[in-house]
Amino acid sequence: MPVPNQIGSHKKPSARAPARAASGSRSPPQAGARRAGLGCAAPSYGSARLANLVSPRILAYGSARKPSRLMVSERLMQMSSPSSPTPVVTRFAPSPTGYLHIGGARTALFNWLYARGRGGKFLLRIEDTDRERSTPEATAAILRGLEWLGLDWDGEAISQFARRERHAEVAREMLARGAAYKCFSTQEEIETFREAARAEGRSTLFQSPWRDADPASHPNAPFVIRLKAPREGVTVIEDAVQGAVTFGNDQLDDMVCLRSDGTPTYMHAVVVDDHDMKVTHIIRGDDHLTNAARQVQIYRAMGWAVPVFAHIPLIHGPDGKKLSKRHGAVGLEEYQAMGYPAAGLRNYLTRLGWSHGDDELFDDAQAREWFDLPGIGRAPARLDFKKLESVSGYHIARAADAELLLEIEAYLVAAEKPALNAAQRDGLRQALPYTKERAKTFPELLEKAHFALTTRPLELEPKAAAALDATALGMLRDLTPQLQNASWKREALEATAAAVAEAHGLGLGKLAGPLRAALAGRIVTPSVFDMMLVLGRDETLARIGDQVA
RNA sequence: GGCCCGUUCGUCUAUCGGUUAGGACACCAGGUUUUCAACCUGGUAAGAGGGGUUCGACUCCCCUACGGGCUGCCA
């Protein structure tokens, strides 16, 4: 687990490094030339590295069909080939407006897997520019969630809000480059424009009258800085998951980069931050696919290298609808509180919307090795708790006892259940080998380990009490002296029990039921012999004695 | 409304023009068994619909339907 991270550190070299250190070494921008010559009919990647990504066909005809996934993946492979030393840098950039959404957790997981599998970096950035909705509590919840899921990030989490000066600086530079302009239109004017457009059935995308205005005519009034986006041609996103996605530039308006109060918009801040953080691969929800087109225009306006985009489908609820609170658990913490092990959730979430052939169950090392962008599906996946349970059971069964114990205690805290006392912890530790193989969740495991957590006198469940009828008690009485002398080994105990049952002309099953009831007070438990081994001779005899007395 | 994305068993998915369309979860049946499980064996179950292209389409193209996203001085 990473050391607790501080938000908003200004010491972060990657965050505060001057822009020229990053962009100065890259190929010179060609955006200007392209805009003049081609009207931006073709994507103008500011980097030779990324130019590989685009097939000649796409470059020549922006509206060309999307290439097959194979074509895309081949180009991606070229990119990460040894000839390209660029280290992979991914990031997770949640808004701190609530809990960590399970879908967001999966996005973080994909980014983490991709970076970690390639010796790259996984960064965390908190998008807290919306001061109204951002809270420190939400940030803390996100960090806590990521730590629980086992997704460690490099360096300190970066606060986007803390970087607002840098965002403004870039906006001003765009202004200086002629790639942006000051817009003095008021919100009311824009609204009026939109209403009129709607009424006439025109596009409601705002067209500012200030786009080509003479600076001499600028009033002394508040203004926003808008991107001077190309109006002709198309913008193509070469997406590692969705393929080439083409947007007509007439669908993209001159978005606001800097608000009239001097703060950056999300669209602008992401691009600046991703560039400054040297992010090479942006893996995020496909609700950002359209945004990507607008963001690419900012990259081009600044002559920056465009990162690889991978827009992954969102997770849906079991009914196929967008995952929301009415589906039950949406926050990652709820999953911890339900008692799923982190490793199981990682495995399940990784497999949800991504595949590596028929592989279903794997550990982190395998996931890191196998995870790749072409394996990501394009359709939204539904949450299936049955499968989550199954996968979780697999991971509980193969977890080391010591770690399991720690995780179970953390679960107890998360679920707001009473903590284990020393005796219970010890009992659970001993019962673990006999219970973990058959539990899908921690509460289920605890239920099966109940016999080792409880103390005499046992409270009998009604069904357990019913199992202790006269015949049963008779057998238990006969069993007692045998147990006092038996060797406390599984085989010996089995033989002893079988002999007593046989003496009564019954099968072992007829004895096991009552014995189970006496030892655990319940009828759902591990093997009676396993329980006897865990309990020890004295406790076993005492519990039987409590019933036969 | 406009633009963009998606659609293989109930669910997650494999399939990269030629397969009896495979696996996993779930479900059903049987086996094993000291309960619940776990485990073993077997089974039911799928290419949204319609047109093309092709000797041959789940795979490529078009249309329709359905689902989702974007269309903000939110992120």
Side-chain angles (χ1 to χ4, degrees), chain A residues 65 68-70 73 93-95 97 127-130 132-134 160 183 185-187 190 194 198 201-206 222-226 237 239 241-243 245-248 250-253 255-261 263-267 269-270 285-291 293-294 311 313-314 316 318 320-322 348 351-361 377-391 393 397 437-440 444 447-448 463 467 494 497-498 501 507-513 515-517 520 522-529:
Chain A
R65 302 279 172 236
S68 73
R69 297 180 67 194
L70 181 61
S73 68
S95 325
T97 53
E127 309 224 313
D128 51 359
T129 52
D130 185 338
E132 299 289 307
R133 299 196 298 151
S134 299
Q160 187 161 64
C183 171
S185 296
T186 63
Q187 305 259 31
I190 295 172
R194 290 212 172 97
R198 241 189 307 274
R202 283 187 290 112
S203 163
T204 56
L205 292 179
F206 182 60
F223 61 87
V224 299
I225 295 182
R226 301 188 99 104
I237 303 302
D239 194 276
V241 173
Q242 311 289 346
V245 183
T246 303
F247 297 89
D250 56 355
Q251 298 297 323
L252 276 11
D253 62 358
M255 66 185 153
V256 173
C257 291
L258 210 64
R259 301 187 186 103
S260 50
D261 66 356
T263 60
T265 58
Y266 155 80
M267 211 65 84
V270 213
D286 69 5
D287 49 335
H288 288 284
L289 184 56
T290 314
N291 293 339
R294 318 168 95 88
H311 288 96
L314 269 12
H316 284 179
K321 299 290 184 189
K322 189 177 177 181
Y348 174 73
R351 189 63 183 68
L352 192 62
W354 170 86
S355 63
H356 182 266
D358 285 336
D359 295 309
E360 299 281 350
L361 302 166
R378 294 140 120 168
R382 303 180 191 200
L383 233 31
D384 179 356
F385 284 89
K386 286 292 189 184
K387 184 139 186 183
L388 205 208
E389 282 182 9
S390 171
V391 174
E437 304 266 355
R438 29 176 115 191
K440 294 188 168 83
E444 198 179 317
E447 176 63 25
K448 290 177 191 300
K463 283 183 179 173
E494 275 184 53
L508 181 57
K510 295 293 180 191
L511 173 58
L515 189 50
R516 183 184 316 283
R522 311 197 160 186
I523 57 164
V524 176
T525 73
S527 148
V528 291
F529 305 110

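Here is how names work: the chains are called A, B, and so on, in the same order as the sequence lines, proteins then strands, and each is numbered from 1. The figures that follow rest on heavy atoms only: side chains count, while hydrogens, waters and symmetry mates do not.
Taking only side-chain atoms of A:R294, from C-beta outward, the nucleotide of B:U71, B:C73, B:C12 with the closest atom is B:U71. The side chain of A:Q187 lies closest to B:C73 when the candidates are B:C73, B:U13, B:G23. Nearest nucleotide to the side chain of A:Q251, out of B:C25, B:C3, B:C12: B:C3.
When the nearest nucleotides of RNA chain B are assigned to A:D358 and A:S185 by heavy-atom distance, the more 5′-ward of the two goes with A:D358. Between A:Y348 and A:S203, the residue anchored nearer the 5' end of RNA chain B, judged by the nucleotide with its closest heavy atom, is A:S203.
Separating the CD atom in A:E132 from the OG1 atom in A:T97 is a distance of 13.0 Å, to the nearest 0.5 Å. The CG atom of A:L258 sits 12.0 Å away from the CZ atom of A:R226 when rounded to the nearest 0.5 Å. The structure places NZ of A:K440 at 15.5 Å from CZ of A:F385, a figure rounded to the nearest 0.5 Å. Atom-to-atom distance recorded for A:E360:CD and A:Y348:OH is 11.0 Å, nearest 0.5 angstrom.
Nucleotides B:C12 and B:U20 are separated by 27 Å at their P atoms, to the nearest Å. Rounded to whole Å, the C1' atom of B:A65 lies 8 Å from the corresponding atom of B:A48. Using atom P as the reference point in both B:G42 and B:G47, the two lie 25 Å apart (nearest Å). With P as the reference atom, B:G68 and B:A14 are 22 Å apart, rounded to whole Å. On the C1' atoms, B:U44 is 39 Å away from B:C4, given to the nearest whole Å. B:U53 and B:C58 have their C1' atoms separated by 16 Å, with the value rounded to a whole Å. Rounded to a whole angstrom, the distance from the C1' atom of B:C25 to that of B:G43 is 16 Å. Rounded to the nearest Å, the gap between the P atom of B:A37 and that of B:C9 is 29 Å.
A:G353 comes within contact range of the sugar-phosphate backbone alone, with a heavy-atom separation under 4.0 Å but no base atom that close. When heavy atoms are screened at a 4.0 angstrom cut-off, A:T129 is found touching the sugar-phosphate backbone but no base atom. Base contact: A:N291 has a heavy atom under 4.0 Å from a base atom.
A:R382 has its CZ atom 11 Å from the P atom of B:U13, to the nearest Å. Straight-line distance from the CG atom of A:L383 to the C1' atom of B:A26: 15 Å, rounded to whole Å. Rounded to whole Å, atom P of B:C4 lies 16 Å from atom NE2 of A:H311. For A:E360 and B:A24, the CD to P distance is 8 Å, given to the nearest whole Å. Between A:K387 atom NZ and B:G10 atom P the separation is 15 Å, expressed in whole Å. One interatomic measurement links the two molecules: CG of A:L361 to P of B:C25, which rounds to 8 Å at whole-angstrom precision. What separates CG of A:D384 from C1' of B:A24 is a distance of 11 Å, to the nearest Å. Straight-line distance from the CD atom of A:E389 to the P atom of B:C12: 17 Å, rounded to whole Å.
In this view, A:A293 and A:T235, A:I237, A:F247, A:L252 satisfy the side-chain contact (heavy atoms from CB on, under 4.5 Å) rule, not counting sequence neighbours.
The two atoms that bring A:T265 and A:V256 nearest to each other are OG1-O, 2.8 Å, heavy atoms only. Across all non-hydrogen atoms, the minimal contact from A:D128 to A:S134 is CA-OG, 3.4 Å. Nearest heavy-atom pair across A:G353 and A:A381 is N-CB, 4.3 Å. Residue A:E437 comes nearest to A:A397 through the heavy atom pair CA-CB, 4.0 Å, listed as atom of the first residue, atom of the second, then distance. Between A:T204 and A:R198, the shortest heavy-atom contact is CG2-CG, 3.9 Å. The two residues A:V524 and A:K448 come nearest to each other via the heavy atoms CG1-NZ, 4.3 Å.
At B:G2, none of the side-chain N or O atoms of A:R198 fall inside 4.0 Å of OP1 or OP2 (strictly under the cut-off). At B:U71, none of the side-chain N or O atoms of A:R194 fall inside 4.0 Å of OP1 or OP2 (strictly under the cut-off). Residue A:R378 places none of its side-chain N or O atoms closer than 4.0 Å to OP1 or OP2 of B:C5.
With a cut-off of 3.5 Å on both pairing distances, B:U33 has no Watson-Crick or G-U wobble partner at all. Base pairing of B:C16 is not made with any nucleotide, judged by Watson-Crick or G-U wobble geometry with both donor-acceptor distances under 3.5 Å. With a cut-off of 3.5 Å on both Watson-Crick or G-U wobble distances, the partner of B:U53 is given as none. The partner of B:G1 is B:U71, by the rule that a Watson-Crick or G-U pair needs both atom distances under 3.5 Å. Base pairing annotation: B:C28 forms a Watson-Crick or G-U wobble pair with B:G42, both donor-acceptor distances under 3.5 Å. A 3.5 Å limit on both hydrogen-bonding distances identifies no Watson-Crick or G-U partner for B:U59. Applying the Watson-Crick and G-U wobble criteria (two distances, each under 3.5 Å), B:U7 pairs with B:A65.
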Could you go over nucleotides 66-69 of chain B and give all protein N or O partners under 3.5 Å, atom names and distances?
residue : atom : partner : partner atom : Å
B:G69   : O2'  : A:D287  : O            : 3.3

Original post:
Base, backbone or nothing for each nucleotide of nucleotides 32-38 of chain B, written B, S, -, heavy atoms under 4.0 angstrom, 5' to 3'?
Top reply: --BBBBS

**OP:** List the steps, then state whether side-chain contact (heavy atoms from CB on, under 4.5 Å) holds for A:D286 with A:Q242.
**Re:** CA-CA 9 Å; A:D286 69 5; A:Q242 311 289 346; 4.1 Å; yes

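Ion pairing between a basic and an acidic side chain is recognised when a charged N comes within 4.0 Å of a carboxylate O; A:R351 and A:D359 show no such pairing.
Within 3.5 Å, a donor on the side chain of A:S260 pairs with an acceptor on the base of B:C73, or the reverse.
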